Amino acid sequence: DTLSLHDALPICVIIVFPHFFRSTYTVTIANKRIIRRDNIDRYLIYAQMENGDIKVFEDTNSLLEFKIHSEDVYWGLTINRKYEIKAYGLSIPLLSYYQNITKIKGVNREK
């Protein structure tokens with residue numbers, strides 16, 4: 001039994017769909033957390049937005065984004081430091097689904 005293009009299309013759309021939603025934020029890192037389940041680490045980043053709200057980001061590997069060292073991003077972020085974060089996906093906190101960080105850049109404190 002082979003997978004036809006008609007059958008594979010919905011799977012491809014589901015995998016690629018979050019990558020269409022991209023955002024850039026300037027945030028201050030408020031906290032970080034590692035959740036381990038079944039020997040798989042999930043890195044969560046709690047960031048304070050410029051308006052004071054807290055937004056949660058996920059930091060996971062993504063082959064489509066050529067991101068394979070998410071732990072380096074996680075450990076490279078310093079609490080109480082300001083960053084420009086590029087992320088993709090949709091945030092659905094009720095489902096524990098958050099935007100995935102693709103790039104980070106430190107922001108000078110003088111700004």
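These numbers come from a predicted model, not from an experiment.
The local environment of CG in D38 is sparse, with at most 12 non-hydrogen atoms from other residues, nucleotides or ligands closer than 6.0 Å. Taking a 6.0 Å sphere around NZ of K32, one finds it holds more than 12 heavy atoms contributed by other residues, nucleotides or ligands.
Under the 4.5 Å side-chain heavy-atom criterion for Ile, Leu, Val, Met, Phe, Trp and Tyr, I54 and L77 are members of distinct hydrophobic clusters. Following chains of ILVMFWY side-chain contacts shorter than 4.5 Å, one cannot reach I34 starting from V56, and the two form parts of different hydrophobic clusters. Clustering ILVMFWY residues whenever any of their side-chain heavy atoms sit less than 4.5 angstrom apart, transitively, puts I29 in the very cluster that holds Y74. I79 and Y98 are members of different hydrophobic clusters when ILVMFWY side chains are connected at heavy-atom separations under 4.5 Å.
No side-chain donor-acceptor contact under 3.5 Å links N100 to the backbone of Y88.
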request  = Go through K55 and V27 one step at a time and tell me if the side-chain contact (heavy atoms from CB on, under 4.5 Å) criterion holds.
outcome  = CA-CA 9 Å; K55 183 172 181 70; V27 302; over 6 Å; no
Step-by-step side-chain contact (heavy atoms from CB on, under 4.5 Å) determination, T24 to I85 = CA-CA 6 Å; T24 301; I85 289 180; over 6 Å; no
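Not counting sequence neighbours, the partners of I35 by the side chain to side chain contact (heavy atoms under 4.5 Å, CB included) test are R33, R42, L44.
Looking at every heavy atom in both residues, Q99 comes nearest to G89 through NE2-O, 3.2 Å. Heavy atoms only, all atoms of each residue included: R36 and D41 are closest at NE-OD1, 2.7 Å.
Residue Q48 holds its CD atom at 10.0 Å from NZ of K82, rounded to the nearest 0.5 Å. To the nearest 0.5 Å, the span separating CE on M49 from CG on N51 amounts to 6.5 Å. Atom NZ in K86 sits 12.5 Å away from atom CD1 in I104 (nearest 0.5 Å).
Looking at Y83 and T26, their side chains never come closer than 4.5 Å, going by heavy atoms from C-beta outward.
Less than 6.0 angstrom separates the ring centroid of Y25 from the ring centroid of F57.
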